[in-house]
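Heads up: the structure comes next, in structure tokens.
The model shown is predicted, which means the values in this text are computed figures rather than measured ones. Every heavy atom of this structure was used, including side-chain atoms; hydrogens, water molecules and symmetry mates were not. Indexing begins at 1, ligand by ligand and atom by atom, following the structure's order.
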Amino acid sequence: MSDIYDIIIIGGGPAGLTAGIYSARARMKTLLLEKMMCGGQVLTADLIENFPGFPSGTKGPELADLMLKQAEAVGLEISTCDVKKITLKKSEKDPFIIETAEGDIFKSLSIIISTGANWNALGVPGEDRLRGRGVSYCATCDGPLFRNKDIAVVGGGDTALGDAIFLTRFANKVTVIHRRDKLRAARIIQERALMNKKIELCLKSVVTEIIGNIRVERIKVKNVATNEEKTIKADGVFVLIGLSPNSGIFKGLLDLDEKGYIRSGEDMSTSVNGIFACGDVRKKPLRQIVTAAGEGATAAVSAEQYVERLKGTAYE
Ligand SMILES: Cc1cc2nc3c(=O)[nH]c(=O)nc-3n(C[C@H](O)[C@H](O)[C@H](O)COP(=O)(O)OP(=O)(O)OC[C@H]3O[C@@H](n4cnc5c(N)ncnc54)[C@H](O)[C@@H]3O)c2cc1C
């Protein structure tokens with residue numbers, strides 16, 4: 001049997017696992033490489049209320065486990081590997097070469113990239129301990145859990161201000177904390193935020209500590225101009241200071257946008273024939289489990305069609 005895979009998937013979050021379920025069911029010789037535990041960001045989500053099929057919501061690790069079990073049940077081969085390098089094909093019929101930090105070398109006719117993204121953290125005391133217990137990085141995901149509560153939003157860009165406005169649908173009060181004396185968000189978003197009576201601005205300030213016993217109760221904020229520190233009551237802290245795509249190893253190989261997100265088409269094809277991208281690592285408007293899964297399915301079907309065309313077995 002050839003040691004060349006039809007499809008190698010890099011990253012085992014919802015995008016990669018869904019791509020794996022579709023590829024394995026299509027009887028493609030598929031391998032998924034995940035550097036940590038399968039599940040990706042979902043493993044760190046406390047309660048997920050917006051993934052269809054779970055009317056009472058579900059815990060992130062439970063959903064991740066179900067996705068993994070389903071992938072294994074349809075025969076997906078999974079290996080724990082940290083991918084470090086991809087070498088492009090010499091000619092269309094040749095395989096891509098994938099090298100890992102562990103020293104493995106794999107060959108594949110096509111690649112699906114689903115390496116996801118990481119939310120930038122504040123790095124202050126209390127943040128890690130209270131993650132999922134009031135500390136959130138996603139307003140769309142967790143906003144409805146803060147009905148009639150006091151919330152702090154950290155950040156001054158479009159996402160922070162846009163999400164602060166969105167959060168006023170649920171919250172009693174939203175305090176926006178930004179380290180500069182001016183906000184960075186587009187003027188129109190700033191105007192909307194300033195007109196909103198539930199939003200209060202706390203400029204030239206940084207969060208120095210997140211405090212709470214079991215859940216977030218308050219935060220310490222320092223004015224960077226005066227060094228004065230004060231404590232603000234907050235039931236939730238939304239840290240919205242940016243998301244970083246896990247795309248460093250694809251720099252110079254694929255077309256990335258200015259923030260490092262992979263540019264890909266409707267069929268998930270990238271600037272290199274035979275390489276597809278799905279989930280949070282691609283440039284797109286909504287980063288959620290349901291969109292990651294949908295794109296994983298599309299990437300798998302596109303990769304399958306690409307491989308079958310290469311092998312001359314495509315159903316045209
Ligand atoms: C705390 C939290 C709560 C959230 N709540 C919700 C919610 O309620 N609803 C919702 O829809 N969305 C929620 N999200 C967002 C959702 O989890 C993401 O949109 C989704 O997980 C993206 O899936 P993905 O597969 O693209 O990437 P990820 O989930 O980021 O998975 C990428 C995987 O790739 C692996 N990887 C990266 N680089 C390599 C490499 N070089 N080699 C091998 N493996 C690699 C990573 O280890 C990771 O497992 C939440 C996110 C967080 C952080």
Side-chain angles (χ1 to χ4, degrees), residues 8-21 31-54 57-64 67-68 71 78-86 98-102 104 106 111-121 127-128 130-145 236-240 242-251 253 260-262 264 268 276-300:
I8 282 188
I9 300 164
I10 309 173
L17 286 172
T18 309
I21 291 168
L31 172 68
L32 184 147
L33 303 173
E34 164 58 52
K35 68 175 174 181
M36 302 206 299
M37 267 172 78
C38 280
Q41 295 169 60
V42 178
L43 289 170
T44 63
D46 183 37
L47 183 66
I48 293 161
E49 284 192 316
N50 58 1
F51 191 73
F54 298 89
T58 174
K59 296 264 176 208
E62 282 170 21
L63 181 61
M67 287 183 181
L68 174 61
I78 299 175
S79 182
T80 309
C81 291
D82 183 359
V83 173
K84 287 290 176 208
K85 190 176 169 199
I86 294 176
I98 295 167
E99 292 170 55
T100 73
E102 295 77 13
D104 301 296
F106 299 103
I111 294 175
I112 294 177
I113 298 170
S114 47
T115 47
N118 288 317
W119 290 94
N120 298 333
E127 184 180 19
D128 272 352
L130 295 167
R131 198 175 281 225
R133 296 165 191 273
V135 176
S136 172
Y137 301 83
C138 177
T140 317
C141 314
D142 298 332
L145 307 175
V237 186
F238 284 79
V239 181
L240 302 170
L243 186 70
S244 303
N246 296 321
S247 62
I249 55 171
F250 312 116
K251 243 180 222 162
L253 204 69
Y261 290 104
I262 300 174
S264 57
M268 307 299 135
F276 304 85
C278 52
D280 279 14
V281 73
R282 59 183 290 267
K283 182 177 167 59
K284 61 172 185 169
L286 181 66
R287 293 192 170 82
Q288 290 280 277
I289 303 166
V290 76
T291 55
E295 292 161 19
T298 304

Using a 3.5 Å distance criterion without hydrogens, assess whether the side chain of [X] forms a donor-acceptor pair with backbone atoms of [Y].
{"X": "D82", "Y": "A101", "answer": "no"}
{"X": "S136", "Y": "F238", "answer": "no"}
{"X": "T18", "Y": "P14", "answer": "yes"}
{"X": "S247", "Y": "G260", "answer": "yes"}

Looking only at N/O atoms, are [X] and ligand 1 under 3.5 Å apart anywhere?
{"X": "V281", "value": "no"}
{"X": "N50", "value": "yes"}
{"X": "C278", "value": "no"}
{"X": "D280", "value": "yes"}
{"X": "D142", "value": "no"}
{"X": "T44", "value": "no"}
{"X": "Y137", "value": "no"}

Considering only non-hydrogen protein atoms, determine which one is nearest to [atom] and report residue, atom name and distance to 0.1 Å.
{"atom": "atom 42 (N) of ligand 1", "answer": "V83 N, 3.1 Å"}
{"atom": "atom 6 (C) of ligand 1", "answer": "C141 SG, 3.0 Å"}
{"atom": "atom 25 (O) of ligand 1", "answer": "A15 N, 2.9 Å"}
{"atom": "atom 34 (O) of ligand 1", "answer": "G11 CA, 3.2 Å"}
{"atom": "atom 3 (C) of ligand 1", "answer": "A45 CB, 3.4 Å"}
{"atom": "atom 35 (C) of ligand 1", "answer": "E34 OE1, 3.2 Å"}
{"atom": "atom 37 (C) of ligand 1", "answer": "T115 O, 3.3 Å"}
{"atom": "atom 30 (O) of ligand 1", "answer": "Q41 NE2, 2.8 Å"}

Which of the atoms of ligand 1 are close to [X], meaning less than 4.0 Å from one of its heavy atoms?
{"X": "G40", "value": "29 (O), 31 (O), 48 (C), 49 (O)"}
{"X": "R287", "value": "19 (O)"}
{"X": "G279", "value": "26 (O)"}
{"X": "I289", "value": "9 (N), 10 (C), 11 (O), 12 (N), 16 (C), 17 (O), 19 (O)"}
{"X": "S114", "value": "32 (C), 33 (C), 34 (O)"}
{"X": "L33", "value": "43 (C), 44 (N)"}
{"X": "V42", "value": "17 (O), 21 (O)"}
{"X": "D82", "value": "40 (C), 41 (N), 42 (N)"}

Using heavy atoms and a threshold below 4.0 Å, how should the contact between C81 and ligand 1 be classified: side chain, backbone, both, or neither? backbone
Taking 4.0 Å as the limit for heavy-atom contacts, which would you say applies to A117 with ligand 1: side chain only, backbone only, both, or neither? backbone
Select the closest option to atom 36 (N) of ligand 1 among R131, K85, K35, judged by heavy-atom distance. K35
Which of these, P14, G16, S79, G13, has its nearest heavy atom closest to atom 21 (O) of ligand 1? P14
How close do P61 and A45 get, heavy atom to heavy atom, and via which atoms? CD-O, 3.6 Å
What are the two closest non-hydrogen atoms of L32 and G12, and how far apart are they? CD2-CA, 3.8 Å
V83 pairs by side-chain contact (heavy atoms from CB on, under 4.5 Å) with which of D104, I249, I8? I249
Which of I9, L33, I98 passes side-chain contact (heavy atoms from CB on, under 4.5 Å) with I111? It is I98
Distance check, rounded to the nearest 0.5 Å: [X] atom [atom1] versus [Y] atom [atom2]?
{"X": "S244", "Y": "D280", "atom1": "OG", "atom2": "CG", "answer": "11.5 Å"}
{"X": "F250", "Y": "Y261", "atom1": "CZ", "atom2": "OH", "answer": "14.5 Å"}
{"X": "K35", "Y": "T100", "atom1": "NZ", "atom2": "OG1", "answer": "12.5 Å"}

Report yes or no: does C138 have a heavy atom closer than 4.0 Å to ligand 1? no
F51 heavy atom under 4.0 Å from ligand 1: no
Only pairs at least two apart or in different chains count here, so list each salt bridge (Lys or Arg N to Asp or Glu O under 4.0 Å) that has a residue in residues 287-297. R282-E295, K284-E295
Taking the side chain as every heavy atom from C-beta outward, state whether I48 and V42 have any atom pair closer than 4.5 Å. yes
Close side-chain approach of Y137 and L240, heavy atoms under 4.5 Å: no
Checking side-chain contact (heavy atoms from CB on, under 4.5 Å) for the pair F51/L63: CA distance, chi angles, key distance, verdict? CA-CA 9 Å; F51 191 73; L63 181 61; 4.1 Å; yes
Distance-only polar pair, side chains of N246 and T115, donor-acceptor under 3.5 Å: no
Those residues at least two apart in sequence (or on a different chain) that pass disulfide (SG to SG under 2.5 Å) with C141 are C138
